[in-house]
Amino acid sequence: MRKLKAMKRHCLASVRLLPTLLLGACGGGLAYAIHMPLPWLLGALIVTTVLSLGGARLQAPTTSRKAVLVIIGVMLGTAFTADMGGDIALWATSLTIMLVSTAVMMMVSVWMSRRIAGNSIDTAAYAGMPGGVSTVILMASETDADLRVVGLTHAVRILVVLLAIPVILHVIGHVSLQAPAITLAQWFSFPDFADALLLIGAGVIGYWLGRLLRLPNPLLFGPVLASAMLHITGTSDASVPPFIVAFAQVLIGVSVGVRFAGTSLAAVGFNLLIAFAQALVLLLTAFVAAWTAHLITGYSAAAALLAYMPGGAPELSLVALSLGIEPAFVTSHHLLRITVLILLTPMLVAWMKRLHRA
């Protein structure tokens with residue numbers, strides 16, 4: 001009986017989600033038609049954000065988002081190849097620069113939230129984490145943090161980052177932001193049956209592996225590892241059909257946009273302003289760090305920028321995959337960043353509280 005009720009709830013949630021997905025798909029389709037950069041992601045994002053801020057009550061993806069995270073993980077794993085071993089030394093240098101820039105971002109955003117916005121230590125720390133929004137909110141819920149401020153800050157940061165990507169990459173140059181012309185046959189080009197089974201298996205086993213290894217966001221990073229092993233070992237060279245990539249972009253765009261549902265600009269105006277200012281400062285920090293890494297390692301500034309931008313990992317990794325900007329490089333950096341933040345943030349909070357009491 002309990003299982004039947006759970007299934008009924010899932011079915012009802014899926015039905016309620018259909019109008020939201022349809023709006024997102026229409027926004028993505030319009031953006032694609034007018035040749036907007038990252039059309040399916042940004043079109044869905046802009047439409048649902050505007051409607052949410054306008055008072056529309058849009059259903060947020062839950063189960064479907066989890067399934068799409070697994071799909072994105074499998075897609076990202078296809079970017080790993082056997083000839084990546086020679087890049088380890090340069091990757092280590094870039095990862096070090098990323099960790100340093102993450103520390104700077106954390107200090108600046110916590111300071112702004114604590115000193116300018118006047119938030120508590122718990123709220124400032126978890127709102128200031130530059131990435132891992134889903135895990136961060138779960139961690140913050142076990143503390144005295146103001147979850148409304150934490151959620152709003154992360155939502156605004158992701159929104160600003162995604163909207164800024166086309167502008168910044170255009171300034172950097174050397175990257176095509178336009179969607180390539182694809183025939184109808186290419187849109188629905190599936191891998192053969194054996195490869196399709198391998199990709200599905202990578203998703204299922206990867207999710208189990210992610211939970212076993214206690215990876216941050218196991219729905220995403222577990223399938224990344226499983227799919228990467230298939231492609232590094234040469235077991236498979238299959239990729240995911242373009243229409244699934246487009247659907248993933250629409251759902252991720254919608255997931256960000258509906259986070260602003262029920263947001264009263266009058267009630268959260270000051271926190272919204274602080275969150276926007278934080279996002280801009282973190283973007284500037286990421287840009288400086290990415291350009292430094294580009295000069296030192298020779299990696300493209302665009303790849304470094306997507307790797308160093310302050311999350312979320314699914315959104316930025318999907319952007320890297322969609323634009324063909326070294327998705328394996330970008331995904332690896334976000335995995336390390338989130339892991340380090342999850343491990344160190346509780347210790348940082350405890351230290352700040354001891355310092356405050358002293």
Side-chain angles (χ1 to χ4, degrees), residues 76 79-81 83-112 125 127-133 135-136 154 157-158 160-162 164-175 215-217 220-221 224-225 228 277-321 323-345 347-348:
L76 293 172
F80 289 78
T81 58
D83 59 357
M84 294 171 60
D87 297 332
I88 290 177
L90 291 178
W91 275 40
T93 302
S94 179
L95 288 167
T96 302
I97 296 172
M98 181 273 297
L99 289 176
V100 172
S101 68
T102 298
V104 173
M105 291 180 192
M106 187 77 177
M107 287 189 292
V108 170
S109 54
V110 169
W111 181 85
M112 291 180 70
M129 286 178 67
V133 57
T135 306
V136 168
H154 282 273
R157 189 193 68 245
I158 294 172
V160 170
V161 164
L162 291 177
I165 285 174
V167 178
I168 298 176
L169 292 185
H170 177 72
V171 172
I172 291 174
H174 310 295
V175 176
L215 293 176
N217 202 338
L220 176 71
F221 291 117
V224 168
L225 292 180
Q278 278 182 322
L280 292 180
V281 172
L282 298 192
L283 269 178
L284 179 61
T285 305
F287 182 83
V288 172
W291 196 258
T292 301
H294 165 64
L295 295 176
I296 293 174
T297 66
Y299 276 112
S300 76
L305 183 66
L306 292 178
Y308 293 6
M309 275 181 163
E315 291 84 0
L316 292 172
S317 297
L318 182 58
V319 169
L321 182 72
L323 297 178
I325 305 176
E326 304 190 51
F329 177 85
V330 173
T331 302
S332 301
H333 281 65
H334 283 285
L335 174 58
L336 178 62
R337 167 191 275 144
I338 295 172
T339 302
V340 170
L341 286 173
I342 289 172
L343 292 174
L344 296 185
T345 298
M347 290 186 277
L348 172 65

Contact summary for S300 and E326, nearest pair of heavy atoms:
OG-OE2, 3.8 Å

Pairing donors with acceptors under 3.5 angstrom, does anything connect the side chains of T285 and Y308?
no

Closest non-hydrogen contact found for F287 with L305 is CA-CD1, 3.8 Å

Has the side chain of H334 got a donor or acceptor atom that lies under 3.5 Å from a matching backbone atom of L306?
yes

For the atom pair CG (L95) and CG (L90), what is the distance rounded to the nearest 0.5 Å?
11.0 Å

Let me see the working for L335 and V224 under side-chain contact (heavy atoms from CB on, under 4.5 Å), right down to the final yes or no.
CA-CA 10 Å; L335 174 58; V224 168; over 6 Å; no

P130 and T102: which non-hydrogen atoms are nearest, and at how many Å?
CG-CG2, 3.8 Å

Quick one: pull up CZ in F221 and OG1 in T339 and give me the separation to the nearest 0.5 Å.
7.0 Å

Between atom CG of L225 and atom CG of L76, what is the distance when rounded to the nearest 0.5 Å?
11.0 Å

Please check this pair: side chain of T345 against backbone of I342, looking for a donor-acceptor N/O pair closer than 3.5 Å.
no

Could you tell me whether the side chain of N217 reaches within less than 4.5 Å of the side chain of P314, counting heavy atoms only?
yes

Counting N and O atoms only, with roles assigned by atom type, does the side chain of T331 sit under 3.5 Å from a partner on the main chain of A328, one being a donor and the other an acceptor?
no

Separation between CD1 (I296) and CD1 (I97), nearest 0.5 Å, reads 4.0 Å

Between CE on residue M309 and CG on residue L283, distance to nearest 0.5 Å
5.0 Å

All heavy atoms of A302 vs all of I325, minimum pair found to be C-CG2, 3.8 Å

Which pair of non-hydrogen atoms, one from A304 and one from A293, has the smallest distance, and what is that distance?
CB-CB, 4.4 Å

Which heavy atom in A301 sits nearest to a heavy atom in H294, and how many Å separate them?
N-ND1, 3.6 Å

Output yes when a side-chain donor or acceptor of R157 lies under 3.5 Å from a complementary backbone atom of P310, and no otherwise.
yes

To the closest 0.5 Å, what do you measure between CG (L348) and CE (M106)?
5.0 Å

Does a side-chain heavy-atom distance below 4.5 Å link V319 with L162?
yes

